[in-house]
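So the structure is just underneath, and the comments pick up after that.
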Number of protein chains: 2
Amino acid sequence: MKRPSSNARDRILTAANKLFYAEGIRAVSLDTIAAKAGITKKTVYYHFKSKDDLIEAYLVSRDQPNLELFRTWFEAADGALPDKVQVIFQNIAASARHPKWKGCGFLRTAAELANMPGHPAMKVGAAHKKKFEAWMAEEFQAEGAEMAPDMACDLARHVVLLLDGAFSTILVHRDAAYAEAAGEAARVLVAGAVGRASQRA
Amino acid sequence: MKRPSSNARDRILTAANKLFYAEGIRAVSLDTIAAKAGITKKTVYYHFKSKDDLIEAYLVSRDQPNLELFRTWFEAADGALPDKVQVIFQNIAASARHPKWKGCGFLRTAAELANMPGHPAMKVGAAHKKKFEAWMAEEFQAEGAEMAPDMACDLARHVVLLLDGAFSTILVHRDAAYAEAAGEAARVLVAGAVGRASQRA
DNA sequence: CGAAGTATACTCACCAGTGAATATACTTCA
DNA sequence: TGAAGTATATTCACTGGTGAGTATACTTCG
């Protein structure tokens, strides 16, 4: 394999990741990214066909790691289902207290590209969020197998709404307490659904 | 009094409103805004000291009208408290189905300016969201005066989280159904809180 | 007149993307 | 084996265009 190729490509992606996340998509130029990666802009264009292409690659690179992080948090938590869900939000609160935290990269990119609904990066972002929602629904159904599929889907969606709401409001207020409030709300909703599910059984 | 002054200023603000909301902050240049307002860029700089200043004015101009809209929806709804809250979300769903809808201007601006936490526009955005949250809390306390202040505040925050979550997820998925799901969740949470409050009384 | 408001015409920096050349490694076959 | 050819990977220097912001002059009205 060509070592140089993947090397430069990786360095570009790493630089793009940091800069796009820290500063925003349109705020960062390819010159800046190239400089940070220690290569020439032309080399960026060798590995990515356009800035839009690089934006897409940036989100693609964040997809799995992000989902993995949520899974890790969820699985590491002990306790009942409502508590495990709440733990996700507590971890987000903790992350959000780091000064470099700037919200959810997918959400912020979607906000910036709201005028380009067909942009490839938008599709990646939507798919990422769908995966999270689907995973939550699975977990709800798996737990004791008492929850009906449509109930699990509704509940997963409610959790997603609280999660993305937390990302957004924390960014606006720079106050991680919103994640804890969202976690409380999620816990209440999940507990309620679990209660209804087991009652029906 | 100079007709021209207010006239030009208003035209600039109107153009900025449409363009910033439709395309995003950094995607729109002052040249474009000036052209849309039918004046020169220099005139823009006569009325606003910088682009940042205009961004701030853009959000200021949206503050009251937006809050007023929510109040109107809420007050026009009949039924119990949970239903009135849900109606806000239903109205958002309806708005979001219009093709020109591009999410919440405050949230999207906050996402774009996430790298400038001290930006005046960020403060305007945060204040706007706080006003909404405070208003919700008031409404919860006012309703029958059975809800304790801290409970009302917590509940208001949960509603805010669902609201901003709805704005964000609709934008990502281009699917207004998320607002309806958020409305359901909000109704459940409010009904639960109302139930606990009246039980305690 | 003179001040508020607007316009013309500019500066200077930056940005997405490109043309031409080069260096390095891999492949082929005499 | 090794020379010639080809694909990969990278650089330097550039273009056409646009960005925010400005110097200066014109206009209009109290």
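Owing to the predicted nature of the structure, the values given are computational and were not obtained by experimental measurement. Order of the sequence lines fixes the chain letters, A, B, ..., with proteins taken first and strands second; residue numbering starts at 1 for each chain.
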In whole Å, I'd like the distance from the [atom1] atom of [X] to the [atom2] atom of [N].
X: B:Y46; N: D:dA23; atom1: OH; atom2: P; result: 16 Å
X: B:D31; N: C:dT8; atom1: CG; atom2: P; result: 13 Å
X: A:F48; N: D:dA9; atom1: CZ; atom2: P; result: 12 Å
X: B:L19; N: D:dA20; atom1: CG; atom2: P; result: 12 Å
X: A:R26; N: D:dT18; atom1: CZ; atom2: P; result: 16 Å
X: B:N7; N: D:dT28; atom1: CG; atom2: P; result: 16 Å
X: A:R9; N: D:dT10; atom1: CZ; atom2: P; result: 12 Å

For this session: Report yes or no: does A:H158 contribute a side-chain atom to a donor-acceptor pair with the main-chain N or O of B:A181 at less than 3.5 Å?
Result: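 Checked: pair present.
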For this session: Report yes or no: does B:T40 contribute a side-chain atom to a donor-acceptor pair with the main-chain N or O of B:T43 at less than 3.5 Å?
Result: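 Not confirmed, B:T40 side chain does not pair with B:T43 backbone.
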Give the minimum heavy-atom separation between [X] and [Y], together with the two atoms involved.
X: B:E23; Y: A:R26; result: O-NH2, 3.3 Å
X: A:R11; Y: A:A37; result: NE-O, 3.0 Å
X: B:A152; Y: B:Q141; result: CB-CG, 3.5 Å

Exercise. Partners of A:E56 by salt bridge (Lys or Arg N to Asp or Glu O under 4.0 Å), sequence neighbours excluded?
Worked result: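 With sequence neighbours excluded, A:E56 shows a salt bridge (Lys or Arg N to Asp or Glu O under 4.0 Å) to no residue whatsoever.
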For this session: Please determine, for the side chain of A:Y45, which listed nucleotide (C:dG5, C:dG17, D:dT8) has the closest atom?
Result: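 In terms of side-chain proximity for A:Y45, the closest of C:dG5, C:dG17, D:dT8 is C:dG17.
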For this session: Could you check which residues of residues 32-43 of chain A get a heavy atom under 4.0 Å from DNA chain D? Sort them by number, please.
Result: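 Residues of residues 32-43 of chain A under 4.0 Å from DNA chain D: A:I39, A:T40, A:K42, A:T43.
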Problem set entry | Residues touching DNA chain C, which here means a heavy atom under 4.0 Å, drawn from residues 49-58 of chain A |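 Result for residues 49-58 of chain A: A:S50, A:K51, sorted by number.
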For this session: Indicate whether OP1 or OP2 belonging to C:dT6 is found under 4.0 Å from a side-chain N or O atom of B:H47.
Result: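 The answer is yes; a side-chain N or O of B:H47 sits under 4.0 Å from OP1 or OP2.
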Atom pairs and distances, side-chain donor-acceptor, residues 165-176 of chain A, under 3.5 Å, sequence neighbours left out:
unit_1: A:S168; atom_1: OG; unit_2: A:D164; atom_2: O; d: 2.9
unit_1: A:S168; atom_1: OG; unit_2: B:S168; atom_2: OG; d: 2.8
unit_1: A:T169; atom_1: OG1; unit_2: A:G165; atom_2: O; d: 2.9
unit_1: A:T169; atom_1: OG1; unit_2: A:A166; atom_2: O; d: 3.4
unit_1: A:R174; atom_1: NH2; unit_2: B:A114; atom_2: O; d: 2.8
unit_1: A:D175; atom_1: OD1; unit_2: A:A177; atom_2: N; d: 2.9

Problem set entry | Touch class at under 4.0 angstrom, heavy-atom based, for B:V28 against every strand present |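 Since only primed, P, OP1 and OP2 atoms lie under 4.0 Å of B:V28, the category is sugar-phosphate.
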Problem set entry | Those residues that, when tested against A:F132, pass ring-ring contact (aromatic ring centres under 6.0 Å, His included) (two or more places apart) |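 A:F70, A:W135.
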I'd like a table of donor-acceptor pairs (distance under 3.5 Å, sequence neighbours excluded) in which one partner is a side-chain atom from residues 100-110 of chain B, with atom names and distances.
unit_1: B:K102; atom_1: NZ; unit_2: B:A22; atom_2: O; d: 3.4
unit_1: B:R108; atom_1: NE; unit_2: A:A111; atom_2: O; d: 3.2
unit_1: B:R108; atom_1: NH1; unit_2: B:Y21; atom_2: O; d: 2.6
unit_1: B:R108; atom_1: NH1; unit_2: B:K102; atom_2: O; d: 3.0
unit_1: B:R108; atom_1: NH2; unit_2: B:Y21; atom_2: O; d: 3.2
unit_1: B:T109; atom_1: OG1; unit_2: B:G105; atom_2: O; d: 2.7

